[in-house]
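Sequential numbering from 1 along the given sequence is applied to the chain's residues. Counting starts at 1 for both ligands and their atoms, following the listed order.
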Amino acid sequence: MASTLFNASCSFPSIKVIDCKSHVGLRSNVSQVRVASLPIATSQRRSLVVRASNGHAKKLGRSDAECEAAVAAGDVPEAPPVPPKPVAPAGTPVIQPLNLNRRPRRNRASPAVRAAFQETDISPANFVYPLFIHEGEEDTPIGAMPGCYRLGWRHGLLQEVAKARAVGVNSIVLFPKVPEALKNPTGDEAYNDNGLVPRTIRLLKDKYPDLIIYTDVALDPYSSDGHDGIVREDGVIMNDETVHQLCKQAVSQARAGADVVSPSDMMDGRVGAIRAALDAEGFQNVSIMSYTAKYASSFYGPFREALDSNPRFGDKKTYQMNPANYREALIEAREDEAEGADILLVKPGLPYLDIIRLLRDKSPLPIAAYQVSGEYSMIKAGGVLKMIDEEKVMMESLMCLRRAGADIILTYFALQAATYLCNQKR
Ligand code: PBG
């Protein structure tokens with residue numbers, strides 16, 4: 001919406017373009033005669049066009065009422081003079097116009113026309129802002145994610161949320177950095193009602209009751225093994241036992257006031273189990289955003305540095321999806337739908353636009369896309385090195401996620417992009 005407003009605000013220059021282009025197909029002998037008699041310099045022609053469109057009323061000094069009366073009496077003003085054909089550079093070939101039924105460029109000819117036919121919009125309401133928190137008082141910069149911090153849960157976090165709300169971002173998702181001493185193989189700190197996440201949710205809800213709080217449901221920040229599930233002696237990630245822990249985690253988050261719990265662990269059957277656990281505790285109104293198609297991606301590197309949550313051994317390929325797979329996303333989507341997910345998420349974002357489009361076309365549920373840490377850091381790095389225009393690439397990447405079919409976007413750019421959109425408004 002905001003970008004449409006922005007585009008629409010640029011309607012003035014369109015006068016020039018329409019005057020030049022729209023006459024190309026209508027060129028008559030009369031207009032050519034007129035062209036020949038007009039001055040040639042470009043600047044003079046421009047001013048002539050402007051005068052022509054305003055000139056009548058001014059020259060005659062008529063009021064609006066007099067103009068109306070004149071028109072009613074049949075005294076209609078003449079059309080403005082047809083502008084001369086602009087000069088092409090020397091050496092431009094002189095040719096017959098192509099005989100085309102369709103010239104798609106007509107619908108791109110000016111900012112106003114482009115705004116009218118823009119198919120996709122983006123607004124701060126589409127963003128969910130991922131925020132890293134820790135127990136400390138300070139905000140600690142995250143080396144691999146320029147512009148992102150581990151925020152002190154009592155100070156920095158509240159300030160960041162206030163900034164986001166001021167530009168229309170009212171949804172956040174929390175990621176905790178948990179002290180090493182609180183981690184164990186079964187990730188039990190994940191469901192401590194007085195742990196960092198539940199405590200932070202209570203504080204936020206007290207200050208901003210209408211803030212939409214998403215939480216991450218997975219064991220990795222709490223696991224001494226750095227995996228999303230419980231690791232057996234032989235390295236196997238135990239599915240059903242992990243789901244048991246995840247249910248306790250989700251209920252603990254709901255009890256603290258979370259609006260949307262988001263299992264990102266990729267265990268089988270966790271959405272249905274979490275739904276049942278929430279309902280059993282009276283949290284029928286808490287939503288589930290399922291990480292439906294979460295791939296075993298190297299784009300998560302900076303995030304794992306931020307939380308110090310790298311798997312201590314092996315990788316996550318026995319639970320996260322193979323980046324080579326497309327149809328498998330449908331299997332996950334069908335399960336999550338059947339188990340009661342409210343929102344389906346695809347992750348990462350830009351390299352997986354085809355998966356976003358697939359789920360958009362195959363499911364009526366809202367679709368979320370996660371523009372992950374590696375995507376963010378690459379754009380930031382390219383901007384710092386002046387290889388790309390950071391702000392334009394940021395906005396384009398977010399628009400592309402929307403075009404592919406994402407309703408909401410989890411992005412570390414949420415504040416920056418929303419600020420940009422707000423500044424575009426008139
Ligand atoms: C862990 C989790 C990860 C991310 C979100 N939740 C990392 C992982 O799966 O290893 C990554 C987000 C990002 O890279 O921005 N459950």
Any side-chain heavy-atom pair of [X] and [Y] under 4.5 Å:
X: Met267; Y: Tyr319; answer: yes
X: Pro130; Y: Phe175; answer: yes
X: Asp336; Y: Arg270; answer: yes
X: Arg150; Y: Ile142; answer: yes
X: Pro348; Y: Tyr300; answer: yes

Could you identify the single nearest non-hydrogen protein atom to [atom] and state the distance to 0.1 Å?
atom: atom 9 (O) of ligand 1; result: Lys294 NZ, 2.6 Å
atom: atom 8 (C) of ligand 1; result: Lys316 NZ, 3.3 Å
atom: atom 14 (O) of ligand 1; result: Ser373 OG, 2.7 Å
atom: atom 6 (N) of ligand 1; result: Lys347 NZ, 3.3 Å
atom: atom 16 (N) of ligand 1; result: Ser264 OG, 2.7 Å
atom: atom 1 (C) of ligand 1; result: Asp220 OD2, 2.7 Å

Kindly say whether Thr215 contributes a backbone atom to a donor-acceptor pair with the side chain of Ser262 at under 3.5 angstrom? yes
With heavy-atom distances below 4.0 Å as the criterion, list the atoms of ligand 1 near Asp216. 6 (N), 16 (N)
Ligand 1 to Asp228, heavy atom cutoff 4.0 Å, flagged ligand atoms 1 (C), 16 (N)
Please classify the Ala218 to ligand 1 contact at 4.0 Å (heavy-atom distances, strictly less than): side chain, backbone, both or neither. side chain
Counting only heavy atoms closer than 4.0 Å, does ligand 1 sit against the backbone of Tyr412, its side chain, both, or neither? side chain
Any side-chain donor near an acceptor of the partner, Asp188 and Gln245, under 3.5 Å: yes
Scan side-chain atoms only and decide if Glu160 and Tyr129 contain a donor-acceptor pair under the 3.5 Å cut-off. yes
Check for me whether [X] has a heavy atom closer than 4.0 Å to any atom of ligand 1.
X: Gln320; answer: yes
X: Asp265; answer: no
X: Gln371; answer: no
X: Phe175; answer: yes

Minimum non-hydrogen distance to atom 3 (C) of ligand 1, winning option of Phe303, Tyr295, Tyr370, Phe132: Phe303
Nearest heavy atom to atom 10 (O) of ligand 1: which of Met145, Arg304, Glu375, Glu305 does it belong to? Arg304
Centre-to-centre under 6.0 Å for Phe413 and Phe127, is that the case here? no
Would you please indicate yes or no on a ring centroid separation below 6.0 angstrom for Phe132 and Tyr412? yes
Check ion pair Arg312-Glu180 (N to O, under 4.0 angstrom): yes
Less than 3.5 Å between some nitrogen or oxygen of Tyr291 and one of ligand 1, yes or no? no
